[in-house]
Protein chains: 2
Amino acid sequence: MVSYKSIKAEILNGIVGRQWAPGELIPNEEDLARDYGCSRSTVNRALQELADLGILERRRKAGTRVAQRTSRGALIQIQIVRSEIEQSGRRYGYVLLHREVQAADSATAGLIDAPRGKPLLHLRCLHLADGVPYQLESRWISLVALPSARDVDFESVGPNEWLVTQVPYSRSEHIFSAAPPNAEERERLRLRPDEPVFVIERRTWLAAQALTYVRLAHPGLSYRMISREDDLLDETES
Amino acid sequence: MVSYKSIKAEILNGIVGRQWAPGELIPNEEDLARDYGCSRSTVNRALQELADLGILERRRKAGTRVAQRTSRGALIQIQIVRSEIEQSGRRYGYVLLHREVQAADSATAGLIDAPRGKPLLHLRCLHLADGVPYQLESRWISLVALPSARDVDFESVGPNEWLVTQVPYSRSEHIFSAAPPNAEERERLRLRPDEPVFVIERRTWLAAQALTYVRLAHPGLSYRMISREDDLLDETES
DNA sequence: GAGTGGTCTAGACCACGTT
DNA sequence: ACGTGGTCTAGACCACTCC
């Protein structure tokens, strides 16, 4: 029996081995099914998965081509900060610096994308790795969307860890940037002179409703955000 | 006819609407097929795609559960710098600063992951948006893997644009960081005092062979790397 | 052992988009 | 108009893994 995985692997080999160049047409499903001695459904599944990966481009009547990949994706895995630190073999530490319920003013309403005047929970926390400042977190949580957050004190559980036990989200936005530190960051993160911060900002929504906005600042000289990918090698080729 | 997309959408609605909580078991394929009045294959495709998205977890005999999503991904699209600038409505400018063939010394060999002594093409380029410095690129290309690069002058075509017309890659690594600028970056990017740079480093391989290493430095006060995602809403729900 | 998902088939009809 | 991919079906057999 010819499996769709083996067909995927063979097509990939053909691309990597330059049997088909980017932009080139590969045979249609019917021909491939005859070549491999399997049904068209099996070929279809293989080609469809390669198209989902961005490796092929398919259009009815026009056929299937090797994609010209002009943009290259990098998938960043953003973990809970605790597991990020513990997985690197370091000891995790957590301090809640500030906790306050406030009404959204125009500045914070814009950040979290919630209506002005609605109640927000504002938290500031410091995360440490082996006692060294690792991340300064400044977070707003919409109490309209997540009213139960009002009853959590966040002294022992970080907001990130609490949030993942709650609802899923349906939309998210991440912004990464490099910035000069503000006074609090310089002090709390014990930055050296001229050391910038690496900033991650994240907003999440469930349907149209804003859930949370968070700004995560890391010391620039020690923090690296890394993404590794094996694009094609997920099949067991001999 | 019940489509696999409508089943996907209904299951998603059930999850977002908390009909099924994270970790909870959803009905098996046979039951769902009877409920929806379609074949098991159709249900299978819907559930399998949701599992691929990380929204469901499936195990034979154990059934299908709503996934506990503890880590959240952000997909960064790294485009050719030219289209990145032109898509924002600005005019693209390009200057080749330096071009040199050199043998890999121990430092550069480590960066690109190629054997010491092998020939490398080293390029430094400046990319501008509306005449303002946007990105300083420092790139090494393995002439072992890509010998034809030796014959390209890179005066009019940027290395990024040339490379995508060449081979695909099979493995890549991206590192993002915030750093104080070096002297050249301060001058070429016309940085303000205390302005850090946002640095993207990328290495790519084809099978085990290193292709290229590039370090891209952006002015920290103006550059933002943004990623937006609609996790669940790719179906046409009314 | 038995229940569940994983895959394949042969056929069918349809939607789309190129020609 | 027609060639291509997109989807669905009814059935089958198998692989895994929980009990």
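Quick caveat, the model's predicted, so the values are computed rather than measured. Letters A, B, ... mirror the listed sequences (proteins, then strands); counts begin at 1.
The residue B/Thr42 sits close only to the backbone: its heavy atoms come under 4.0 Å of sugar-phosphate atoms, none of a base.
At whole-Å resolution of the value, CZ in A/Arg65 and P in D/dT4 are 12 Å apart. Per the geometry, NZ belonging to A/Lys5 stands 13 Å off P belonging to D/dA15, to the nearest Å.
In this structure, B/His174 and A/Ile226 have side chains that are not in contact, with every pair of non-hydrogen atoms separated by 4.5 Å or more. Within the 4.5 Å cutoff, the side chain of B/Leu120 has no heavy atoms near those of the B/Ile141 side chain. Taking the side chain as every heavy atom from C-beta outward, A/Leu126 and A/Gln135 never approach each other to under 4.5 Å. Two residues are said to be in side-chain contact when any heavy atoms from C-beta on lie closer than 4.5 Å; B/Tyr213 and B/Arg215 meet this criterion. Within the 4.5 Å cutoff, no side-chain heavy atoms of B/Leu32 are placed close to those of B/Glu29.
Every residue two or more places apart in sequence or in another chain that forms a salt bridge (charged side-chain N to carboxylate O under 4.0 Å, His left out) with B/Arg228 is listed here: A/Glu173. Scanning for salt bridge (charged side-chain N to carboxylate O under 4.0 Å, His left out) contacts around B/Arg60 gives an empty result, with sequence neighbours left out.
Along DNA chain C, the nucleotide nearest to B/Thr64 and the one nearest to A/Tyr4 differ in position, and the one closer to the 5' end is contacted by B/Thr64.
Contact footprint of chain A on DNA chain C: nucleotides with an atom under 4.0 Å from a non-hydrogen protein atom, first to last in 5' to 3' order, C/dT7 to C/dT18.
A/Tyr134 and A/Glu84 share a side-chain donor-acceptor pair at under 3.5 Å. Remark: the A/Thr64 side chain and the A/Arg58 side chain contain an N/O donor-acceptor pair separated by less than 3.5 Å.
Of the residues in residues 21-40 of chain B, those with a non-hydrogen atom less than 4.0 angstrom from any atom of DNA chain D are B/Cys38, B/Ser39, B/Arg40.
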Produce the list of close N/O pairs, under 3.5 Å, pairing protein atoms with atoms of nucleotides 16-19 of chain D; give distances to one decimal.
unit_1, atom_1, unit_2, atom_2, d
D/dC18, OP1, B/Arg59, NE, 3.1
D/dC18, OP1, B/Arg59, NH2, 3.3

Under 3.5 Å, sequence neighbours excluded: what are the donor-acceptor pairs made by side chains of residues 145-160 of chain B?
unit_1, atom_1, unit_2, atom_2, d
B/Asp153, OD1, B/Glu155, N, 2.9

